[in-house]
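Here's the structure, in structure tokens; my notes come after.
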Amino acid sequence: MRERVVVIEHEAEAGLGFVGGWLEDAGVECQVVRPYKGEPVPASAPGGLVVLGGAASAWDDEGYGWLPATRALIARSVEDGVPTLGICLGAQLMTIACGGTVDRGAEGLEVGLTAVEPLPEAAADPLFSRLPRRVRAVQYHYDAATVLPPGAVRLVTGERYPNQAYRLGPNAWAVQFHPEATAAIFQTWADEGDLPRDLAAELSAEVAAAEGELEETWRPLGEAFAAVTLGWRDEQAVA
């Protein structure tokens, strides 16, 4: 039996990418909800929740009318212990929903292939324990979590922005970078964003050259989240 995870997609250009394949391979079905097309955000996601990235700021409720419902869904999922993964905007929404703070990044845009570093707390974490000491990840964000929610355990840091990933409760994770981003996805962001053309081409080429490395590095995270989700299903069945 395949578990079903609700996926909140904020825009067509910021889809599941690698993560969709990793979850499907592990036996987890993705139910993608697209509120930008008018699809309602569900009140609950009992099997698991993934909230993806997008161009919105996490506080821009006027421009993106589904964000309050998404934050409410995240808060309920975290409170109930439902396996939850927030990526970039999804991580920022989790931060606000659970009592932290997100601001416009003081260090400006973080974009392209950057180094991030697992902290000692990652060694015992279900999702991050298999990471090597220093890894690279795809970034594209202007905003950043500046105050983590109460009880959050920081897991990954970076030179420019220190709050790159954290765990909240037993089964919720927020990730500022983009483990899901394929080279094609990043190129779309670079081409359609406000980067100078030469810089967009340079960064896209770097991500494309590292695509195999990125998939190898971050696949264990996707597989581990799938394992947490399936374990949660089994626990609920017993209960």
Side-chain angles (χ1 to χ4, degrees), residues 6-23 30 32-39 41 50-71 74 85-96 102-116 136-145 158 160-161 163-165 174-215 217-218 221-222:
V6 171
V7 177
I8 305 299
E9 180 185 279
H10 300 284
E11 57 188 61
E13 295 78 12
L16 272 166
F18 285 133
V19 170
W22 298 337
L23 294 181
C30 296
V32 181
V33 178
R34 298 177 173 89
Y36 61 95
K37 290 188 172 182
E39 298 174 3
V41 174
V50 176
V51 183
L52 297 171
S57 289
W59 58 82
D60 188 3
D61 297 353
E62 183 175 348
Y64 302 84
W66 61 88
L67 294 187
T70 303
R71 291 195 301 269
I74 293 171
L85 177 62
I87 296 174
C88 198
L89 172 58
Q92 295 164 6
L93 289 165
M94 185 185 298
T95 301
I96 293 175
V102 176
D103 294 304
R104 202 63 160 174
E107 298 299 322
L109 173 65
E110 186 172 35
V111 61
L113 198 61
T114 67
V116 296
R136 298 197 293 176
V138 170
Q139 305 269 10
Y140 205 130
H141 67 102
Y142 290 94
D143 304 334
R160 200 164 188 178
Y161 290 102
N163 297 322
Q164 291 289 339
V175 180
Q176 178 58 71
F177 50 89
H178 287 279
E180 87 290 2
T182 64
I185 286 175
F186 180 81
Q187 183 168 354
T188 297
W189 297 343
D191 290 346
E192 296 184 358
D194 54 6
L195 299 175
R197 183 173 298 180
D198 290 349
L199 178 59
E202 177 185 344
L203 296 177
S204 294
E206 290 177 356
V207 171
E211 187 171 43
E213 169 200 333
L214 291 167
E215 182 171 13
T217 297
W218 298 111
L221 182 147

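Residues that satisfy the ring pair (Phe, Tyr, Trp, His ring centres under 6.0 Å) test with Tyr64, not counting sequence neighbours, are Trp66. In this structure Glu110 satisfies the side-chain contact (heavy atoms from CB on, under 4.5 Å) test together with Thr114, Gln139, His141, Arg160, Tyr161, Gln164, sequence neighbours excluded. Residues passing the salt bridge (Lys or Arg N to Asp or Glu O under 4.0 Å) test with Glu180, sequence neighbours excluded: none. Taking the side chain to side chain donor-acceptor pair (under 3.5 Å) definition, one finds that Asp103 meets it with Thr146, sequence neighbours left out. Legend: residues meeting ring pair (Phe, Tyr, Trp, His ring centres under 6.0 Å) with Trp59, ordered by chain and number and at least two apart, are absent. The salt bridge (Lys or Arg N to Asp or Glu O under 4.0 Å) search around Arg104 returns Asp143, not counting sequence neighbours. A search for side chain to side chain donor-acceptor pair (under 3.5 Å) contacts involving Glu9 returns Arg34, Tyr36, not counting sequence neighbours. For Glu213, the side chain to side chain donor-acceptor pair (under 3.5 Å) criterion is met by Arg136, not counting sequence neighbours. Judged as a salt bridge (Lys or Arg N to Asp or Glu O under 4.0 Å), and not counting sequence neighbours, the contacts of Arg71 are Asp61. Listed by chain and number, the residues in a salt bridge (Lys or Arg N to Asp or Glu O under 4.0 Å) with Glu11 amount to none (sequence neighbours excluded).
Nearest heavy atoms, Trp189 versus Glu13: NE1-O, 2.8 Å. When all heavy atoms of Leu23 and Cys30 are compared, the pair lying nearest together is CD1-SG, 3.8 Å. Pairing each heavy atom of Leu52 with each of Leu89, the nearest pair is O-CB, 3.9 Å. Contact between Pro35 and Val33 at its shortest, heavy atoms only, is CD-O, 3.2 Å. Nearest heavy atoms, Leu113 versus Ala210: CD2-CB, 3.6 Å. Scanning all heavy atoms of the two residues, the minimum distance from Gly86 to Met94 falls at N-CE, 3.9 Å.
Here the CD1 atom belonging to Ile74 is positioned 5.0 Å from the CG atom belonging to Leu93, to the nearest 0.5 angstrom.
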Side-chain donor/acceptor pairs under 3.5 Å, residues 192-209, sequence neighbours excluded:
residue	atom	partner	partner atom	Å
Asp194	OD1	Tyr142	OH	2.6
Asp194	OD2	Tyr142	OH	3.0
Ser204	OG	Ala200	O	2.9

Identify each donor-acceptor pair in which a side-chain atom of residues 181-188 lies under 3.5 Å from a protein atom, sequence neighbours left out, and give them as a table.
residue	atom	partner	partner atom	Å
Thr182	OG1	Ile185	N	3.1
Thr188	OG1	Ala184	O	3.2

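When atom types are taken as modelled, the side chain of Trp218 and the backbone of Ala137 share no donor-acceptor pair closer than 3.5 angstrom.
No side-chain heavy atom of Val51 sits less than 4.5 Å from a side-chain heavy atom of Leu85.
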